[in-house]
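This report refers to the structure that appears directly beneath it.
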Amino acid sequence: MSKAFVTDVAKCNGCYVCQLVCKDEHAGNDWTPYAKPQPDIGQFWMKVRDHVNGTIPKVKVHYIPQMCNHCRNAFCMAACPVSGAVYRRDDGLIIIDPEKCNGCRACEKACPYEAIYFNEELNIAQKCTGCAHLLDNGIKLPRCVEACATACLSFGEEEELSDLIKGAEVMLPETGAGPRVYYRNIPGKFIAGTLFDAVEREVIIGARCLAVTGGKLIETVTDEFGDFWFKDLPVGAFDLSFEALGFERLTMPGIRTDESVCLGDIALEKSR
């Protein structure tokens, strides 16, 4: 059986506690043979990255905690020239042995997730250990998971987390690394804007808003502020149309979602 992490992005509020407690656990503490002390600055074995989508005034932010993925097909292990310096434990966690590492940095270069750091002072590579030193002493959870106030982080046997893993995503699946860190509810792109009456200069509430792509129809209505949001969209081209009682139908074809789109204020003309 192998350990895995699951992150529910919808629950993460960007408090950075997981990042802080990871630093607290490893900076200044020698957990040999699991890891030498993490430097006070320059390394975050758990790092929370913020993702800003859209443009003012339609902006959404989500946060994604990122760490070593403890991959099934660990490129760092394959790249290391020193036997046993980077190894997989029976529970699936990947460890860089601080006493065997020769500082060649091959593992750091091989990691597609940029999750391996180099300690210049100690001349060794370092990364998340899954708090293996705690697990081996009867503690059930890594510090980051234990400290998460919103329960967005889960940790345990991969089989026991199967319900959470079902439908989840991994980072850079195209690499074939086989990550054991899974992500749920990563937001897709959005198209947003505000509909208003071109004559009265007032927002239009309850307007029907349609988006079509590949024969699939997505529908929403404008809220009390005249705003509409098409959320969690895939990358592609969407044909939009807007309908409201007493107004001419407006179409906007070919709106692409390579990035989230704020269409700003959109005027509807009165019906003739």
Side-chain angles (χ1 to χ4, degrees), residues 4-23 41-71 75 108 111-117 127-128 130 142-155 161 164-194 209 211 213 216 218 220 223 225 227-238 240 255-264:
F5 291 83
V6 181
T7 299
D8 190 336
V9 176
K11 293 181 179 179
C12 182
N13 64 3
C15 70
Y16 291 88
V17 166
C18 58
Q19 183 171 309
L20 293 172
V21 297
C22 177
K23 180 65 75 171
I41 59 174
Q43 294 191 20
F44 288 103
W45 299 356
M46 165 63 85
K47 186 176 182 63
V48 179
R49 298 184 184 275
D50 63 302
H51 296 259
V52 181
N53 293 291
T55 54
I56 295 173
K58 301 292 189 294
V59 178
K60 296 286 186 182
V61 181
H62 66 272
Y63 304 90
I64 298 183
Q66 294 183 254
M67 69 198 92
C68 168
N69 282 266
H70 300 281
C71 303
F75 298 161
E108 178 190 5
C111 177
Y113 300 101
E114 300 182 347
I116 297 177
Y117 300 85
K127 68 171 192 67
C128 163
R143 281 290 303 277
C144 58
V145 180
E146 184 274 331
C148 181
T150 62
C152 85
L153 296 174
S154 299
F155 175 82
L161 296 171
L164 293 177
I165 292 172
K166 184 178 180 180
E169 304 174 52
V170 296
M171 296 297 178
L172 304 179
E174 65 276 9
T175 66
R180 284 196 170 96
V181 177
Y182 299 90
Y183 295 91
R184 295 172 54 84
N185 298 316
I186 297 178
K189 305 303 182 182
F190 68 76
I191 300 174
T194 304
C209 308
T213 183
K216 181 181 179 181
I218 304 169
T220 187
D223 61 19
F225 303 106
D227 294 339
F228 64 88
W229 295 83
F230 295 108
K231 299 179 181 178
D232 293 327
L233 302 176
V235 173
F238 291 79
L240 307 185
I255 304 298
R256 290 202 56 84
T257 53
D258 301 287
E259 299 292 340
S260 292
V261 179
C262 173
L263 295 174

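All residue numbers in this chain count up from 1 along the given sequence. The figures that follow rest on heavy atoms only: side chains count, while hydrogens, waters and symmetry mates do not.
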Exercise. Salt bridge (Lys or Arg N to Asp or Glu O under 4.0 Å): which pairs involve residues 6-23, sequence neighbours left out?
Worked result: none
Exercise. Does Arg184 reach the side chain of Thr7, with side-chain heavy atoms less than 4.5 Å apart?
Worked result: no
Exercise. Does a side-chain heavy-atom distance below 4.5 Å link Arg180 with Asn69?
Worked result: no
For this session: Could you tell me whether the side chain of Pro112 reaches within less than 4.5 Å of the side chain of Phe75, counting heavy atoms only?
Result: yes
Exercise. Between Ile218 and Phe238, does a side chain to side chain contact (heavy atoms under 4.5 Å, CB included) hold up when you go through it step by step?
Worked result: CA-CA 10 Å; Ile218 304 169; Phe238 291 79; 4.1 Å; yes
Exercise. Parallel, tilted or perpendicular: which fits the ring planes of Tyr63 and Tyr16, with parallel below 30° and perpendicular above 60°?
Worked result: perpendicular
Exercise. Of Val61, Asn53, Val9, which meets side chain to side chain contact (heavy atoms under 4.5 Å, CB included) against Pro187?
Worked result: Val9
Seminar exercise, completed: Output for pair (Lys127 NZ, Glu114 CD), nearest 0.5 Å, gives 15.5 Å
Exercise. Residues in ring pair (Phe, Tyr, Trp, His ring centres under 6.0 Å) with Tyr183, at least two apart?
Worked result: none
Exercise. Would you say the side chain of Phe190 lies within less than 4.5 Å of the side chain of Thr257, judging by non-hydrogen atoms?
Worked result: no
Exercise. With side chains defined as the heavy atoms from C-beta onward, is the minimum distance between Met46 and Pro65 less than 4.5 Å?
Worked result: yes
Exercise. So, for Gly130 and Pro142, which heavy atoms are closest and what is the spacing to 0.1 Å?
Worked result: O-CG, 3.5 Å
Problem set entry | Between Thr194 and Asp227, a side-chain donor and acceptor under 3.5 Å | yes
Problem set entry | Asp232/Lys189 ion pair, N-O < 4.0 Å | no
Exercise. So do the side chains of Ile186 and Met171 get within less than 4.5 Å of each other, counting heavy atoms only?
Worked result: yes
Problem set entry | Verdict with supporting geometry, Met67 and Lys47, side chain to side chain contact (heavy atoms under 4.5 Å, CB included) | CA-CA 6 Å; Met67 69 198 92; Lys47 186 176 182 63; over 6 Å; no
For this session: Please report the closest heavy-atom contact between Cys262 and Pro57, naming both atoms and the distance.
Result: SG-CD, 4.0 Å
Problem set entry | Residue pairs, two or more places apart or on separate chains, that pass salt bridge (Lys or Arg N to Asp or Glu O under 4.0 Å) and touch residues 165-178 | none
Problem set entry | Contact check, side chains of Trp45 and Tyr117, non-hydrogen atoms, under 4.5 Å | yes
Exercise. For Asp50 and Val52, what are the C-alpha separation, side-chain angles and deciding distance, and is it a side chain to side chain contact (heavy atoms under 4.5 Å, CB included)?
Worked result: CA-CA 6 Å; Asp50 63 302; Val52 181; 3.9 Å; yes
Exercise. Between Trp229 and Lys58, is any pair of side-chain heavy atoms under 4.5 Å apart?
Worked result: yes
Exercise. At their closest point, which heavy atom of Cys18 faces which heavy atom of Val48, and how far apart are they?
Worked result: SG-CG2, 3.5 Å
For this session: Could you walk me through whether Cys144 and Phe5 pass the side chain to side chain contact (heavy atoms under 4.5 Å, CB included) test, one step at a time?
Result: CA-CA 11 Å; Cys144 58; Phe5 291 83; 4.2 Å; yes
Seminar exercise, completed: Taken to the nearest 0.5 Å, the spacing of Thr213 OG1 from Arg256 CZ works out to 9.0 Å
Problem set entry | From Cys209 atom SG to Phe230 atom CZ, the distance as rounded to the nearest 0.5 Å | 5.0 Å
Problem set entry | Partner of Val6 under side chain to side chain contact (heavy atoms under 4.5 Å, CB included), chosen from Val145, Leu153, Leu164 | Leu164
Problem set entry | Shortest non-hydrogen contact from Leu240 toward Ala211 | CD2-CB, 3.5 Å
